[in-house]
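Note sheet for the following structure.
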Amino acid sequence: EVQLVQSGGGLVQAGGSLRLSCAATGFIFDDHVIGWFRQGPGQDRVEVSCMSTQDGTIVYGDSMEGRVTISIDSTKSTVYLQVNSLSSEDAGVYYCGATPYNVEVARACSTAGHFTVWGQGTPVSVSS
């Protein structure tokens, strides 16, 4: 079964940091694009960062660039998202998605619609 299992997140103080994990099972991990998206209440999923598991190409979305780092542990088929200097605007549900690496990472990352498999979502709340 193709699956993405997320962990991390929760309640974080403003200015704090967190790391989200996205573990993949059931498909060939090293030829996909893994993307992180944030969804606020009543809003569409907005790209945070995407990465090719094949060649390491990375794209960061405008909304959080400079405060996030995407990384990979291929031995664990897991992609991580480190988020720093959190503010209330960063709150929402974070999703990781996967799509085959047959389009440029930037193009894949431009919209959540390119992704075919999704994790269960990880809520992130930020306290002031």
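Note that the structure is a prediction, hence the values are computed from the model and not measured. Just so you know, these numbers use all the heavy atoms, side chains as well, and skip hydrogens, waters and symmetry mates.
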Query raised in the report: Do Gln39 side-chain atoms and Gly92 backbone N/O form a donor-acceptor pair below 3.5 Å?
Result: no
Query raised in the report: Is it the case that more than 12 heavy atoms not belonging to Gln43 sit under 6.0 Å from its CD atom?
Result: yes
Report summary line: dist Ser77:OG -> Asp30:CG (nearest 0.5 Å) comes out at 8.5 Å
Report task. Verify the cluster assignment for Ile34 and Met64: are they in a single hydrophobic cluster under the rule of side-chain heavy atoms below 4.5 Å apart? Result -> yes
Query raised in the report: Just wondering, are more than 12 heavy atoms of other shown residues or ligands nearer than 6.0 Å to CD in Gln3?
Result: yes
Report summary line: Here the gap from Gln6 atom CD to Cys22 atom SG, rounded to the nearest 0.5 Å, amounts to 5.5 Å
**Report entry** Side chain Thr116, main chain Ala98, donor-acceptor under 3.5 Å
**Finding:** yes
**Report entry** Closest approach of Val2 to Gly26 (non-hydrogen atoms, all atoms of both residues)
**Finding:** CG2-O, 3.6 Å
Report task. Working to the nearest 0.5 Å, report the span between CG of Leu86 and CG of Leu11. Result -> 10.5 Å
**Report entry** ILVMFWY network linking Leu18 to Val79, side-chain heavy atoms under 4.5 angstrom
**Finding:** yes
Query raised in the report: Is the backbone of Arg38 close enough, under 3.5 Å, to the side chain of Arg45 for a donor and an acceptor to pair up by distance?
Result: no
Query raised in the report: Are Leu4 and Val105 co-members of a hydrophobic cluster defined by side-chain heavy atoms under 4.5 Å apart?
Result: no
Requested in this report: Is it possible for you to say whether Val12 and Val83 belong to one hydrophobic cluster, with membership spreading through side-chain heavy-atom contacts below 4.5 Å?
Outcome: yes
Query - Same apolar cluster: Tyr101 and Trp118, side chain cutoff 4.5 Å - result: yes
**Report entry** Heavy-atom check, side chain of Val59 versus side chain of Glu104, under 4.5 Å
**Finding:** no
Report summary line: Heavy-atom nearest pair, Phe29 first then Thr78, reads CZ-N, 3.7 Å
Query raised in the report: Taking all non-hydrogen atoms of both residues, which atom of Ser17 and which atom of Gln82 are closest, and how far apart?
Result: CB-NE2, 3.7 Å
Report task. Would you check if the side chain of Tyr60 reaches a backbone N or O of Ile70 as a donor-acceptor pair within less than 3.5 Å? Result -> yes
Query raised in the report: Side chain of Glu65, backbone of Val48: donor and acceptor closer than 3.5 Å?
Result: no
Query raised in the report: Any chance CG of Asn102 has more than 12 other-residue heavy atoms, nucleotides or ligands included, within less than 6.0 Å?
Result: yes
Query raised in the report: Under the criterion side chain to side chain contact (heavy atoms under 4.5 Å, CB included), which of Tyr80, Tyr95, Trp36 is the partner of Leu20?
Result: Trp36
Report task. Considering non-hydrogen atoms only, spot the tightest contact between Ser7 and Thr122 and give its length. Result -> N-OG1, 4.3 Å
Query raised in the report: Under the 3.5 angstrom rule, does the side chain of Thr111 hit a backbone N or O of His114 as a donor-acceptor pair?
Result: no
**Report entry** pair Thr57-Met51: side-chain heavy atoms closer than 4.5 Å
**Finding:** no
Query raised in the report: Any idea which heavy atoms bring Ser49 and Leu81 closest together, and the distance?
Result: CB-CD1, 4.2 Å
Query - Evaluation steps, side-chain contact (heavy atoms from CB on, under 4.5 Å), between Val93 and Val124 - result: CA-CA 6 Å; Val93 180; Val124 172; over 6 Å; no
Query raised in the report: In Å and rounded to the nearest 0.5 Å, what is the CZ to SG distance from Phe37 to Cys96?
Result: 10.5 Å
Query raised in the report: So, for Val126 and Gln13, which heavy atoms are closest and what is the spacing to 0.1 Å?
Result: CG1-C, 4.1 Å
Query - Parallel, tilted or perpendicular: rings of His32 and Phe27 (30°, 60°) - result: tilted
Query raised in the report: For Gln120, does the CD atom have more than 12 heavy-atom neighbours from other residues, nucleotides or ligands under 6.0 Å away?
Result: yes
